[in-house]
Amino acid sequence: MALRTLNRITKALVAPALALGATIGLASAPAQAAVWSSCDQWGSTTLNGYTLYNDIWGSGAGSQCIWANSGTNWGVWADHPNTGGIKSYPNSKKYVGKTIAALSTLTSTYNVTVPSSGAYNTSYDIWDTGYAHETMLWVNYNGAVGALGTSQGTLTLNGNTWTVYKGNNGANDVFSFLRTSDSTSGTINILPIMRWIANTKGWMSSGATVGDVQFGFEITSSAGGLDFTTNNLTVSSS
């Protein structure tokens, strides 16, 4: 949810300088020994071109530990109370660094395993380099969660149909695309969405530079401890 923006920007900038923190316990570890793990609030590392963040940013959060075999195969165990408000956004990030107009392709594939209980969304969070615009793509969601702003109707592109929301959190514009049917795996052609925002709607400039493409789990509640796993992720651009 975009209400986290100021905290997220600040912590994203400082997280790489912080210590990686404690190793996760047996109750929350993956089946195989992970290459990296952390229970630190802002635990972060970089693996094969992707940056991972534990990113426990919301108030009233409980415990959360992240593990990774690579930047594209990772997961998180989270035990956040059954209260309102987003508690965290554990994610894997890849930097693009090209303008919308200069990009020829920007695509991603994902495959996740998510719980049937709790309140969360599985989403991309895409930023321009100036952090003036935030584009969220929700591929699945569960429980009491919702997008910021007002509905702009539906959009179908490349086989995916989205309900579109437009809002502002006081710091930046937020464009949220909620898939009308949940999916735990698939391919997202991101560039046509960014072009639709810029060229069709005029909500941002096609000269805006796409910076971070994040993918992860925006968790509101996961009482008792729940596992979220990214089995595979790719982000590619040209």
Side-chain angles (χ1 to χ4, degrees), residues 1-12 14-15 21 24 27-28 38-44 52-66 74-93 110 112-127 131 133-152 154 162-184 212 214-230:
M1 184 67 63
L3 297 177
R4 70 192 184 285
T5 303
L6 290 177
N7 263 344
R8 291 268 318 281
I9 293 173
T10 300
K11 301 306 180 185
V14 302
I24 59 178
S28 56
S38 176
C39 294
D40 264 14
Q41 181 177 10
W42 311 116
S44 175
L52 292 133
Y53 293 103
N54 203 24
D55 200 7
I56 309 170
W57 66 268
S59 61
S63 302
Q64 178 175 297
C65 298
I66 190 172
W74 60 276
V76 65
W77 174 88
D79 184 4
H80 298 302
N82 186 22
T83 55
I86 299 162
K87 310 302 191 302
S88 67
Y89 181 61
N91 69 87
S92 178
K93 176 188 79 174
Y110 62 93
V112 299
T113 302
V114 291
S116 57
S117 59
Y120 62 87
N121 67 66
T122 304
S123 57
Y124 292 87
D125 203 4
I126 304 161
W127 295 89
Y131 294 100
H133 305 93
E134 178 182 13
T135 302
M136 296 201 74
L137 312 177
W138 294 23
V139 296
N140 62 61
Y141 42 99
N142 191 72
V145 294
L148 178 70
T150 56
S151 175
Q152 308 293 308
T154 60
W162 314 86
T163 302
V164 183
Y165 292 82
K166 182 177 183 289
N168 187 286
N169 58 24
N172 55 268
D173 290 330
V174 184
F175 316 122
S176 299
F177 294 73
L178 279 60
R179 202 173 188 275
T180 55
S181 59
D182 282 349
S183 171
T184 55
D212 297 338
Q214 299 171 305
F215 178 85
F217 309 100
E218 199 170 51
I219 305 170
T220 293
S221 65
S222 54
L226 297 174
D227 288 298
F228 302 78
T229 305
T230 300

With Thr135 via side-chain contact (heavy atoms from CB on, under 4.5 Å) - residues at least two apart | Ile126, Leu137, Phe175, Phe177, Met194, Ile197
Looking only at heavy atoms, what is the nearest atom pair of [X] and [Y], with distance?
X      : Y      : result
Pro81  : Gly62  : CD-N, 3.8 Å
His133 : Asn172 : N-CB, 4.3 Å
Asn142 : Val145 : O-CG2, 3.9 Å
Thr184 : Tyr110 : C-CE1, 3.6 Å
Ala61  : Ile56  : CB-CG2, 3.5 Å
Thr220 : Gly85  : CG2-O, 3.4 Å

Rounded to the nearest 0.5 Å, how far apart are [atom1] of [X] and [atom2] of [Y]?
X      : Y      : atom1 : atom2 : answer
Leu226 : His80  : CG    : NE2   : 10.0 Å
Trp138 : Ser183 : CH2   : OG    : 15.5 Å
Thr230 : Phe215 : OG1   : CZ    : 5.0 Å
Trp127 : Glu134 : CH2   : CD    : 3.5 Å
Lys87  : Ser59  : NZ    : OG    : 7.5 Å
Thr122 : Asp182 : OG1   : CG    : 8.5 Å

For residues [X] and [Y], determine if any side-chain heavy atom of one lies less than 4.5 Å from a side-chain heavy atom of the other.
X      : Y      : value
Asn140 : Val114 : yes
Ser38  : Ile66  : yes
Leu148 : Asn169 : yes
Asn54  : Asp40  : no
Ser123 : Tyr89  : yes
Leu52  : Ser92  : yes
Ser222 : Trp77  : no

Does Tyr120 have any ring-ring contact (aromatic ring centres under 6.0 Å, His included) partners at least two apart in sequence or in another chain, and if so, which?
-> Phe228
Qualifying residues under ring-ring contact (aromatic ring centres under 6.0 Å, His included), relative to Tyr165, sequence neighbours excluded = none
Under 3.5 Å: donor-acceptor pair, side chain of Asp79, backbone of Gly224 = yes
Passing option when Ser88 is tested against Ile219, Asp55, Val76 for side-chain contact (heavy atoms from CB on, under 4.5 Å) = Ile219
